[in-house]
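Quick note: residue numbers are just sequence positions, from 1. Owing to the predicted nature of the structure, the values given are computational and were not obtained by experimental measurement.
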Amino acid sequence: MNEIMNSIFSAWSLIVSLDSEVYGIILLSLLVTVASTGGAAVLGIPIGIIVGSRNFIGKRLFVRVINTLMGLPPVVAGLVVYLFLSCKGPLGHMQLLFTPAAMVIAQIIIVLPIITGLTVVAVQLKYKSIEETCKGLGMSNFRIIIMLIHECKYPLFSALLAGYGRSISEVGAVMLVGGNIQYKTRVMTTSIVLETGKGNYDKALALGIILILVSFFINWILQRFQEAK
């Protein structure tokens, strides 16, 4: 109990001390997770809308693959990105390994199936009724899609937050492709692993508390959004 209380005080001290390293870690964590979630949303939502609203050969197989990848182990995603970006990999000449860009790419691979899969489910539930109503009113296909997005905005928002939650709590992939380099690629999760390995449990728990506070803030936004529904 005393160790937990000390960690809470340590977390508070880290926050109010305006420590440049700690705030750099928090800022980089937010930048990487927002960029990866945004990138996954740009790709995943259109794919999810197309798959959820259209029938085509292989759709069931595609959906099953997406559902399987929703539980993709982060270290596997990190390993794939590492192999592509390593010196001997096909994209090695871009020299992205051990940079924030590599971390964003790895997290997009992890988050993309989550946003796509949840979008497919949301669209499938509402598309038929919206299509029949809109066609009865003589609307074009483009207007139907706009109406579909409007009607599915709450599930889509929930999909974004689910993807962001996965992104900010991820550690294996960013450790592999980022390297946990101080002042360059160190984020909250990798920093917690490092401090635990060094035996600095107070600092590790303090960073964990800050990470939980960030996650709580995200869930608070979701709850407020749903209450406003």
**Reported CD1-to-CG distance for the pair Ile114 and Leu72, which is rounded to 0.5 angstrom** = 9.0 Å
**Prompt:** Should Ile26 and Val32 be regarded as members of a common hydrophobic cluster, given that ILVMFWY residues are connected when their side-chain heavy atoms come within less than 4.5 Å of each other, either directly or indirectly?
**Reply:** no
**Prompt:** Any Lys/Arg nitrogen of Lys128 or Glu132 sitting under 4.0 Å from an Asp/Glu carboxylate oxygen of the other?
**Reply:** no
**Asked** When rounded to the nearest 0.5 angstrom, what is the spacing between CG in Leu43 and OG1 in Thr116?
**Response** 8.0 Å
**Asked** For Leu83, does its backbone N or O pair with a side-chain atom of Ser86 as donor and acceptor, under 3.5 Å?
**Response** yes
**Prompt:** Are any non-hydrogen side-chain atoms of Leu161 and Ser158 less than 4.5 angstrom apart?
**Reply:** no
**Request:** Is it possible for you to say whether Leu194 and Leu28 belong to one hydrophobic cluster, with membership spreading through side-chain heavy-atom contacts below 4.5 Å?
**Result:** no
**Complete:** Distance col, row Ile25:CD1 vs Arg186:CZ, nearest 0.5 angstrom, shows 6.0 Å
**Request:** Locate the shortest heavy-atom distance separating Ser191 from Leu207; write the atom from each residue and the value.
**Result:** OG-CD1, 3.1 Å
**Request:** Decide yes or no for Val177 and Leu85: does some side-chain heavy atom of the first lie under 4.5 Å from some side-chain heavy atom of the second?
**Result:** no
**Asked** If every non-hydrogen atom of Ala40 is compared with every non-hydrogen atom of Val111, which pair is closest and at what distance?
**Response** CB-CG1, 3.7 Å
**Phe98 atom CZ, over 12 foreign heavy atoms within 6.0 Å** = yes
**Fill in**
Taken to the nearest 0.5 Å, the spacing of Ile45 CD1 from Ile149 CD1 works out to 8.0 Å
**4.5 Å side-chain heavy-atom contact, Lys59 and Arg54** = no
**Request:** Can you measure from CG (Leu27) to OG (Ser20) and round to the nearest 0.5 angstrom?
**Result:** 12.0 Å
**Closest heavy-atom pair and its distance - Leu79, Leu176** = N-CD1, 3.7 Å
**Request:** Provide the closest heavy-atom pair for Ala162 versus Leu118 in the form atom of the first, atom of the second, distance.
**Result:** CB-CD1, 4.0 Å
**Request:** Would you name the heavy atoms of Ser36 and Ile108 that are closest together and state the gap between them?
**Result:** O-CG1, 3.4 Å
**Check: Ser167 main-chain N/O paired with Gln107 side-chain donor or acceptor under 3.5 Å** = yes
**Asked** Does Tyr127 reach the side chain of Ile49, with side-chain heavy atoms less than 4.5 Å apart?
**Response** no
**Pro100 and Thr185, any side-chain heavy atoms less than 4.5 Å apart** = yes
**Prompt:** Transitively linked via ILVMFWY side-chain contacts under 4.5 Å: Leu125 with Phe62?
**Reply:** no
**Asked** In Å, rounded to the nearest 0.5 Å, how long is the span from CD1 of Ile66 to CD1 of Ile115?
**Response** 11.5 Å
**Prompt:** Does atom CG of Leu137 have more than 12 heavy-atom neighbours from other groups under 6.0 Å away?
**Reply:** yes
**Asked** Closest approach of Leu211 and Met188, non-hydrogen atoms and distance?
**Response** CD1-CE, 3.7 Å
**Item:** Phe142 side chain reached by Ile146 side chain, heavy atoms, under 4.5 Å
**Value:** yes
**Asked** Is the backbone of Cys152 close enough, under 3.5 Å, to the side chain of Lys126 for a donor and an acceptor to pair up by distance?
**Response** no
**Asked** Of all residues at least two apart in sequence or in a different chain, which pass the side chain to side chain contact (heavy atoms under 4.5 Å, CB included) check with Ala173?
**Response** Pro74, Ala106, Ile110, Glu170
**Fill in**
The side chain to side chain contact (heavy atoms under 4.5 Å, CB included) partners of Val193 (sequence neighbours excluded) come to Val171, Met175
**Request:** Look at the side chain of Arg166 and the backbone N and O of Met70, then say whether any donor-acceptor pair between them is shorter than 3.5 Å.
**Result:** yes
**Asked** Can you find a heavy atom in the side chain of Tyr164 that is under 4.5 Å from one in the side chain of Thr33?
**Response** yes
**Message:** Taking Val174 as the starting point, is it possible to reach Leu96 by hopping between hydrophobic residues whose side chains are less than 4.5 Å apart?
**Reply:** yes
**Asked** Is there a path from Phe157 to Val123 through hydrophobic residues (I, L, V, M, F, W, Y) whose side chains come within less than 4.5 Å of each other?
**Response** no
**Asked** Would you say Gln95 has more than 12 foreign heavy atoms packed within less than 6.0 Å of its CD?
**Response** no
**Item:** Within 6.0 Å of NZ in Lys135, more than 12 heavy atoms from elsewhere
**Value:** no
